[in-house]
Protein chains: 2
Amino acid sequence: MRLSTKGRYGMRAMLALARRYGEGPVPLKEIAEGEGLSEAYLEQLMSELRKAGLVRSVRGAQGGYLLGREPAAITAGDIIRVLEGPIGPVQCVIEIPGGEVCHRAEYCVERILWERLRDSIAQVLDGSTLADLLVEEKKIALASGGWERSCQPS
Amino acid sequence: MRLSTKGRYGMRAMLALARRYGEGPVPLKEIAEGEGLSEAYLEQLMSELRKAGLVRSVRGAQGGYLLGREPAAITAGDIIRVLEGPIGPVQCVIEIPGGEVCHRAEYCVERILWERLRDSIAQVLDGSTLADLLVEEKKIALASGGWERSCQPS
DNA sequence: ACAAAGCCGAGCGGATTACTTGGGATTTAG
DNA sequence: CTAAATCCCAAGTAATCCGCTCGGCTTTGT
């Protein structure tokens with residue numbers, strides 16, 4: 001039940017973009033350096049996020065990436081779903097409209113448990129927008145007087 | 001964010017044992033056949049569950065496995081933690097007493113999100129005992145008049 | 001024109017997963 | 001006493017996934 005680096009790095013990158021929302025395109029190189037991530041790898045993630053509409057890109061010199069919508073309109077759930085696939089602890093309760101449901105679904109207790117788990121995860125993720133997180137970030141920064149940002153090893 | 005087969009099969013096996021709680025040892029072969037799982041593989045999982053005290057084993061002919069405690073005293077969280085490791089979507093918020101915490105922990109917003117997610121997952125899992133699940137199983141069985149049990153593909 | 005960026009697809013080594021295999025050691029039944 | 005039923009354990013293995021890297025192309029501002 002761990003997130004892969006895609007979800008984690010993607011989240012970091014999106015937060016980085018959110019911090020600079022409204023400042024025009026941010027080149028990937030800056031994000032990668034700022035967050036200590038591989039630029040080439042991050043590029044793949046951005047590609048997926050772009051196809052999903054969560055970021056826009058501007059090509060050419062002075063180009064870079066921007067959030068596709070305002071930070072208040074992008075949730076952690078949006079990002080995780082793009083990079084990690086639909087939420088759900090097991091295949092048979094995955095959140096896909098019209099996805100395959102196993103034939104014994106009606107009588108299966110485990111299924112009920114996994115569904116509860118899925119919904120609980122989705123609720124947390126969908127309940128946090130990038131804007132929310134930035135507000136919290138500001139709070140803890142003020143509270144502790146610090147400046148630092150992301151966990152490096154995360 | 002998927003459970004592996006260990007967690008899923010383990011949950012199935014534990015529910016199977018819970019259904020026959022008080023009837024003496026149940027041989028693995030029966031469970032494996034009943035749930036449609038590989039006996040040899042299940043054996044490995046039972047070994048871990050036994051070391052964790054969630055099941056007891058009786059060796060020799062007429063032997064088998066029994067729950068280590070009453071069904072009301074075993075939660076899904078207990079089982080998942082044994083088979084999938086400590087709960088937590090990322091390494092840096094894993095639930096280990098005295099586990100490593102990354103040095104920037106205080107100022108890291110992602111961390112707060114991942115902690116919320118971890119707690120939410122743990123709450124669902126720790127809130128469901130085997131006894132609870134059997135009660136629900138009985139309810140849905142009565143409601144739909146069916147007899148079938150676990151999702152096969154899950 | 002040139003440099004700064006994004007875009008794309010392939011490759012790749014290491015880890016993990018989901019098993020299987022092959023042997024023990026124990027216990028009960030006959 | 002022996003045979004069968006069971007659990008116990010360690011090793012092996014094929015396939016998949018992860019977490020990247022690499023090379024080359026396209027677009028665009030100066």
Side-chain angles (χ1 to χ4, degrees), chain A residues 1-13 17 20 23-52 54-68 83-85 89-91 152-154, chain B residues 1-13 17 20 23-68 80 83-85 89-91 152-154:
Chain A
M1 287 292 279
R2 298 279 132 75
L3 247 30
S4 74
T5 54
K6 292 174 74 177
R8 298 190 271 120
Y9 294 179
M11 200 69 206
R12 304 251 298 267
L17 285 180
R20 304 182 52 175
E23 296 179 21
V26 183
L28 200 52
K29 198 178 177 188
E30 273 182 44
I31 302 178
E33 279 171 3
E35 300 287 329
L37 304 173
S38 145
E39 189 185 340
Y41 186 41
L42 205 45
E43 197 174 74
Q44 290 180 50
L45 312 188
M46 296 311 278
S47 169
E48 297 187 59
L49 291 167
R50 182 176 53 81
K51 280 164 194 159
L54 296 186
V55 300
R56 281 170 36 217
S57 64
V58 179
R59 301 181 66 167
Q62 276 18 44
Y65 290 92
L66 311 83
L67 288 189
L83 296 173
E84 304 267 346
V90 308
Q91 207 70 22
Q152 212 54 255
S154 116
Chain B
M1 287 293 279
R2 300 277 132 76
L3 246 32
S4 74
T5 55
K6 291 176 74 178
R8 297 189 273 119
Y9 294 179
M11 199 70 207
R12 304 253 295 269
L17 285 180
R20 305 182 51 175
E23 296 179 22
V26 183
L28 200 51
K29 199 177 176 188
E30 274 183 44
I31 302 178
E33 277 170 6
E35 301 287 329
L37 304 174
S38 146
E39 189 185 342
Y41 186 43
L42 205 46
E43 198 174 73
Q44 291 181 52
L45 311 188
M46 295 313 278
S47 169
E48 297 187 58
L49 291 168
R50 182 177 51 82
K51 282 167 194 159
L54 296 186
V55 301
R56 281 170 35 216
S57 64
V58 179
R59 302 180 67 168
Q62 272 26 40
Y65 291 93
L66 310 84
L67 288 190
I80 296 301
L83 295 173
E84 305 267 346
V90 307
Q91 206 70 23
Q152 211 54 254
S154 114

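First the proteins, then the strands, lettered A, B, ... as listed; each starts at 1.
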With B for base contact, S for sugar-phosphate-only contact and - for none (protein heavy atoms under 4.0 Å), nucleotides 9-23 of chain D reads B---------SBB--
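Using modelled atom types, no side-chain atom of B/Arg50 and backbone atom of B/Ser57 make a donor-acceptor pair closer than 3.5 Å.
In terms of heavy-atom proximity, B/Arg8 sits nearest to B/Leu3 at NE-O, 3.8 Å.
Atom CD in B/Glu30 sits roughly 12 Å away from atom C1' in D/dA5 (whole-Å rounding). In this structure, B/Glu48 places its CD atom 13 Å from C1' of C/dA18, rounding to the nearest Å. As rounded to whole Å, 5 Å separates atom P of D/dC7 from atom CG of B/Leu28. In this structure, B/Glu84 atom CD and C/dT16 atom P are separated by 14 Å, rounded to whole Å. Rounded to whole Å, the distance from OH on B/Tyr65 to P on D/dT6 is 12 Å. Rounding to whole angstrom units, CG of residue A/Leu42 and P of C/dC7 are separated by 12 Å. Separating the CD atom of B/Gln91 from the C1' atom of C/dT16 is a distance of 14 Å, rounded to the nearest angstrom. Between the CG atom of B/Leu49 and the P atom of D/dC8 there is a distance of 12 Å, given to the nearest Å.
Contacts of A/Val55 with the nucleic acid, taken as non-hydrogen atoms under 4.0 Å apart, are absent.
Using a 4.5 Å heavy-atom cutoff, the side chains of B/Thr5 and B/Tyr41 are in contact. Residues B/Gln62 and B/Pro25 fail the side-chain proximity criterion, which asks for heavy atoms closer than 4.5 Å. Taking 4.5 Å as the limit, every side-chain heavy atom of B/Val90 sits out of range of all side-chain heavy atoms of A/Met11.
Separation of atoms CZ (A/Arg2) and CD (A/Glu84) is listed at 12.5 Å; rounding is to 0.5 Å. In this structure, the separation between CD on B/Glu39 and CD on B/Glu30 is 10.5 Å, given to the nearest 0.5 Å. Distance check: A/Gln44 CD to A/Leu83 CG gives 11.0 Å after rounding to the nearest 0.5 Å.
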List, with names and distances, any nitrogen or oxygen atoms from the protein found under 3.5 Å away from nitrogen or oxygen atoms belonging to nucleotides 28-30 of chain C.
none

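Of the listed residues (A/Leu45, A/Leu17, A/Leu66), just one forms a side-chain contact (heavy atoms from CB on, under 4.5 Å) with A/Val55, and that residue is A/Leu17.
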